[in-house]
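Basis for what follows: all heavy atoms, side chains included, without hydrogens, waters or symmetry-related copies.
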Amino acid sequence: MARILVTGGMGYIGSHTVVELLNSGYDVVIVDNLSNSRVEVLQGIGQITGKHPDFENVDCTDYNEMSNIFAKYSDIQAIIHFAASKAVGESVEKPVMYYRNNIDSLLTLLELMKVHKVENIVFSSSCTVYGQPDILPVDESAPIKPALSPYGNTKQINEEIIRDAAYADKNIHAVLLRYFNPIGAHPSALIGELPNGIPNNLLPYVTQTAAGLRQKLRIFGDDYNTPDGSCIRDYIYVVDLAKAHVIAVQRMLERKAETNVEVFNLGTGRGLSVLEIVETFKKVTGVDVPYEIVARREGDIEQVWADPRKANAVLGWKAQATVEETLLSAWRWQEHLAQQA
């Protein structure tokens with residue numbers, strides 16, 4: 001079976017995707033510098049799949065080290081590129097770090113793909129490229145708006161770099177997957193979202209507060225132009241999201257794409273507010289989540305949710321899990337972490 005290089009494969013979405021790749025029969029090599037992940041994730045992947053991917057503790061911006069990896073695993077047939085700094089708020093505070101890490105890592109991969117004749121790349125993009133869309137739900141034809149954060153800008157720039165590289169070299173095939181908001185954990189509760197320090201994403205903050213690790217959940221703003229005043233997002237189960245990457249890889253390897261760069265939105269097609277997520281979590285778990293309303297967070301978009309019909313039709317992929325199931329999986333993961341502590 002084909003070997004797939006997964007950058008950032010120890011991270012949240014990366015680890016779930018590695019599981020789905022291994023379960024589909026692919027060989028996997030993970031490259032991750034563990035800057036926002038932990039080596040123990042390998043154990044969880046192994047317990048779930050009964051298989052152990054190769055792991056290289058390397059920074060994707062390091063050209064020489066990455067070149068050695070391409071030489072060592074000379075049968076790589078596709079890359080899934082997750083490795084990136086990803087916190088909107090932090091990117092506003094540390095823009096240069098975000099541009100260096102997120103853009104250099106992709107440039108390194110594209111240069112080495114050419115040298116080692118690897119033709120396929122799946123890029124982990126984001127709905128942030130749409131900014132605040134004019135029309136909701138947002139589909140792939142929506143205009144790319146000026147980014148509201150350096151993080152969002154790196155996703156836009158990287159998409160442009162991939163398009164230009166594929167235009168110049170017709171051997172390059174790329175799938176750009178624009179995620180909405182991944183949440184939840186593997187049903188085994190052996191892997192899940194594991195942020196370092198104070199979580200930047202909503203659900204780990206909710207589960208840590210519910211578990212008593214945080215005093216209160218902070219909700220950034222209740223004065224948005226939405227039914228309850230809090231931001232609205234399209235929350236998608238991480239395992240559903242992971243499965244789309246396997247389909248994208250298969251599509252490229254089988255040369256089913258009509259163009260050498262394809263774009264797909266990955267979402268449920270349903271928008272839920274922050275307060276709705278909190279109330280639904282309390283309902284399905286029976287656990288209280290104390291929260292306070294604080295000032296809006298710079299770089300946040302008011303509301304966005306996906307029109308996923310293109311992915312549904314072309315990839316044959318659809319989000320399956322309910323939000324209740326997804327929230328419960330996140331709580332089981334938090335309970336598993338408590339047992340390990």
Side-chain angles (χ1 to χ4, degrees), residues 12 86-94 126-138 142 145-153 155 178-185 193 195 197-238 265 267-307 319 322-331 334:
Y12 174 43
K86 63 181 181 64
V88 169
E90 184 185 51
S91 79
V92 175
E93 296 165 12
K94 301 175 181 177
S126 167
C127 65
T128 57
V129 301
Y130 298 116
Q132 181 56 63
D134 300 321
I135 299 169
L136 289 167
V138 61
K145 295 286 193 72
L148 297 179
S149 69
Y151 163 74
N153 204 23
K155 293 300 184 186
R178 292 174 179 164
Y179 311 159
F180 282 67
N181 284 65
I183 59 171
E193 193 166 5
I198 297 172
N200 286 295
N201 293 341
L202 173 62
L203 204 54
Y205 212 139
V206 169
T207 59
Q208 288 184 16
T209 304
L213 300 175
R214 307 276 167 204
Q215 190 176 5
K216 284 180 184 173
L217 169 70
R218 291 189 301 161
I219 293 175
F220 298 101
D222 65 349
D223 57 351
Y224 286 99
N225 184 28
T226 61
D228 63 21
S230 65
C231 289
I232 290 175
R233 297 287 183 270
D234 186 334
Y235 294 96
I236 177 172
Y237 183 36
V238 67
N265 285 345
T268 66
R270 179 187 178 198
L272 294 168
S273 75
V274 172
L275 287 169
E276 281 180 298
I277 288 289
V278 172
E279 291 307 317
T280 307
F281 178 87
K282 287 157 69 171
K283 185 176 164 187
V284 297
T285 63
V287 182
D288 190 34
V289 183
Y291 66 84
E292 61 177 339
I293 307 294
V294 298
R296 292 184 181 192
R297 183 171 56 183
E298 195 173 356
D300 272 345
I301 293 161
E302 182 174 273
Q303 49 186 320
V304 63
W305 65 92
D307 180 342
T322 66
V323 69
E324 290 82 3
E325 291 166 342
T326 304
L327 293 173
L328 206 49
S329 74
W331 180 235
Q334 186 66 55

Euclidean distance, [Y] [atom2] relative to [X] [atom1], rounded to 0.5 Å:
{"X": "Glu279", "Y": "Lys282", "atom1": "CD", "atom2": "NZ", "result": "4.0 Å"}
{"X": "Leu327", "Y": "Ile183", "atom1": "CG", "atom2": "CD1", "result": "5.0 Å"}
{"X": "Asp300", "Y": "Gln132", "atom1": "CG", "atom2": "CD", "result": "11.0 Å"}
{"X": "Leu217", "Y": "Ile293", "atom1": "CG", "atom2": "CD1", "result": "8.5 Å"}
{"X": "Lys155", "Y": "Cys127", "atom1": "NZ", "atom2": "SG", "result": "11.0 Å"}
{"X": "Leu275", "Y": "Thr226", "atom1": "CG", "atom2": "OG1", "result": "8.0 Å"}

Side-chain contact test, heavy atoms from C-beta onward, threshold under 4.5 Å: evaluate it for [X] versus [Y] and give yes or no.
{"X": "Asn200", "Y": "Val88", "answer": "no"}
{"X": "Pro290", "Y": "Thr209", "answer": "yes"}
{"X": "Trp305", "Y": "Ile232", "answer": "yes"}
{"X": "Ile219", "Y": "Leu202", "answer": "no"}
{"X": "Lys86", "Y": "Ser126", "answer": "no"}
{"X": "Thr326", "Y": "Ile236", "answer": "no"}
{"X": "Tyr224", "Y": "Ser273", "answer": "no"}
{"X": "Ile277", "Y": "Leu203", "answer": "yes"}

Which pair of non-hydrogen atoms, one from [X] and one from [Y], has the smallest distance, and what is that distance?
{"X": "Ser329", "Y": "Tyr237", "answer": "OG-CE1, 3.6 Å"}
{"X": "Tyr205", "Y": "Pro199", "answer": "CD1-O, 3.7 Å"}
{"X": "Ser149", "Y": "Ser91", "answer": "CB-OG, 3.7 Å"}

Next item on the list: State which residues pass side-chain contact (heavy atoms from CB on, under 4.5 Å) with Val238; sequence neighbours excluded, sorted by chain then number.
Entry: Tyr12, Ile13, His16
Notebook entry, point to check: side-chain contact (heavy atoms from CB on, under 4.5 Å) with Asp134: which residues, sequence neighbours excluded?
Noted result: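 Listed in chain order: Pro143, Lys145.
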Is the backbone N or O of [Y] less than 3.5 Å from a side-chain atom of [X], with the two atoms forming a donor-acceptor pair by type?
{"X": "Tyr235", "Y": "Gly267", "answer": "no"}
{"X": "Glu324", "Y": "Val284", "answer": "no"}
{"X": "Glu302", "Y": "Asn225", "answer": "yes"}

Assess whether atom [atom1] of [X] is packed by more than 12 heavy atoms of other residues, nucleotides or ligands within 6.0 Å.
{"X": "Glu298", "atom1": "CD", "value": "no"}
{"X": "Glu292", "atom1": "CD", "value": "yes"}
{"X": "Arg270", "atom1": "CZ", "value": "no"}
{"X": "Ile135", "atom1": "CD1", "value": "no"}

Notebook entry, point to check: Which pairs count as salt bridge (charged side-chain N to carboxylate O under 4.0 Å, His left out) when at least one residue sits in residues 209-235, sequence neighbours excluded?
Noted result: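 Found Asp223-Arg296.
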Next item on the list: Begin with the C-alpha distance, continue with both residues' side-chain angles, and end with the deciding distance and a verdict on side chain to side chain donor-acceptor pair (under 3.5 Å) for Asn265 and Tyr130.
Entry: CA-CA 11 Å; Asn265 285 345; Tyr130 298 116; 2.7 Å; yes
Margin query: Regarding Asn201 and Glu193, do their side chains bring together a donor and an acceptor under 3.5 Å, going by distance alone?
Written below: yes
Next item on the list: Please lay out, stage by stage, how Val323 and Glu276 fare under the test side-chain contact (heavy atoms from CB on, under 4.5 Å).
Entry: CA-CA 11 Å; Val323 69; Glu276 281 180 298; over 6 Å; no
